[in-house]
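Here the structure is laid out as structure tokens; the discussion comes afterwards.
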Amino acid sequence: MAGELESCKPLSGLLSGLAQDAFYGHPGITEELLRSQLYPDVPIEEFRPFQAKMRGILKSIASADMDFNQLEAFLTAQTKKQGGITSDQAAVISKFWKSHKTKIRESLMNQSRWDSGLRGLSWRVDGKSQSRHSAEIHTPVAIMELEIGKSGQMLPIVNSLETSLRVLAASSEEQNGS
């Protein structure tokens, strides 16, 4: 059964399925679907750790945005590691990354890009009237409200950000004392 996990074609399919799930937002790619389609004769107890290992390797490669020299060094280290991957698996992973690197990178960039725009900002300074600690009562607190909207749409999302302004309180006390 371990030989079935070594095969190149199913491994390429597994990597594609993992990429679909992790990077392209296709949540219908389940562990059971991948196992039944690619490794039907492998018991779930063997498949689950293998899938987790491949997912981890793929995420490591993608998050580091490895160039091909870094990829080769990383995969070589993985082949020498106890419980790592075989050189055939490393070759499949390398081929997969070389053909999918650009698409995965674009997908990660799109997921991490802040596509919203700041539509409005308001702020005020309040005095705390309740607190767990009595020393914090009557201390100034800044409240910021950000109105965020997607590009082309006006979808307000209000985020309140509370920040204790001890510096402002100290400055205020100095001005009142002089």
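Nothing fancy with the numbering, it's 1 onward along the sequence.
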To the nearest 0.5 Å, how far apart are CG in L108 and NZ in K59? 10.0 Å

Side chain to side chain, M54 and L58, heavy atoms closer than 4.5 Å: no

I need the full list of ring-ring contact (aromatic ring centres under 6.0 Å, His included) pairs touching residues 71-99, with sequence neighbours left out, sorted by first then second residue. F96-H100

N69: which residues meet the side chain to side chain contact (heavy atoms under 4.5 Å, CB included) condition with it, sequence neighbours left out? D67

Indicate every side-chain donor-acceptor pair of residues 120-127 with a distance under 3.5 Å to a residue at least two apart or in another chain.
residue, atom, partner, partner atom, Å
S122, OG, E145, OE1, 3.4
R124, NE, D126, OD1, 3.4
R124, NE, D126, OD2, 3.1

Reported CD-to-CG distance for the pair Q51 and L38, which is rounded to 0.5 angstrom: 10.0 Å

Kindly compute the distance separating CG (L71) from CD1 (I93), expressed to the nearest 0.5 Å. 8.5 Å

Hey, what do you get for OG (S60) to CE (M66), rounding to the nearest 0.5 Å? 6.0 Å

Any residue meeting side chain to side chain donor-acceptor pair (under 3.5 Å) with S107, in chain and number order, not counting sequence neighbours: Q111

Report the C-alpha distance between K9 and V92 in whole Å, list the side-chain angles of each, state the deciding distance to 0.1 Å, and finish with yes or no for side-chain contact (heavy atoms from CB on, under 4.5 Å). CA-CA 8 Å; K9 194 171 184 178; V92 172; over 6 Å; no

Contacts of Q37 that satisfy side chain to side chain donor-acceptor pair (under 3.5 Å) - sequence neighbours left out: none

List the atom pairs, with distances to 0.1 Å, where a side-chain N or O of residues 18-30 and a protein N or O form a donor-acceptor pair under 3.5 Å, not counting sequence neighbours.
residue, atom, partner, partner atom, Å
Q20, OE1, H26, ND1, 2.3
D21, OD2, R55, NH1, 3.2
T30, OG1, L33, N, 3.1

May I ask you to decide if L11's main-chain N or O and Y39's side chain share a donor-acceptor pair within less than 3.5 Å? yes

Q89 side-chain N/O to T86 backbone N/O, donor-acceptor pair under 3.5 Å: yes

Within a strict 4.5 Å, meaning less than it, do heavy atoms of the R35 and P40 side chains meet? no

So, using side chain to side chain contact (heavy atoms under 4.5 Å, CB included) as the criterion, who are the partners of K53 when residues are at least two apart? I57, I85

CD1 of I44 to OG of S36: how many Å apart, nearest 0.5 Å? 9.5 Å

Verify, without hydrogens or angle tests, whether T76 (side chain) and E72 (backbone) share a donor-acceptor contact under 3.5 angstrom. yes

I'd like to check the side chain to side chain donor-acceptor pair (under 3.5 Å) partners of Q70; sequence neighbours left out, ordered by chain and number. none

Given 3.5 Å as the limit, does a donor-acceptor pair link the side chain of S12 with the main chain of C8, or not? no

How would you list, by chain and number, every residue that makes a side chain to side chain donor-acceptor pair (under 3.5 Å) with T79, sequence neighbours excluded? none

Partners meeting salt bridge (charged side-chain N to carboxylate O under 4.0 Å, His left out) with E45 (sequence neighbours left out): none

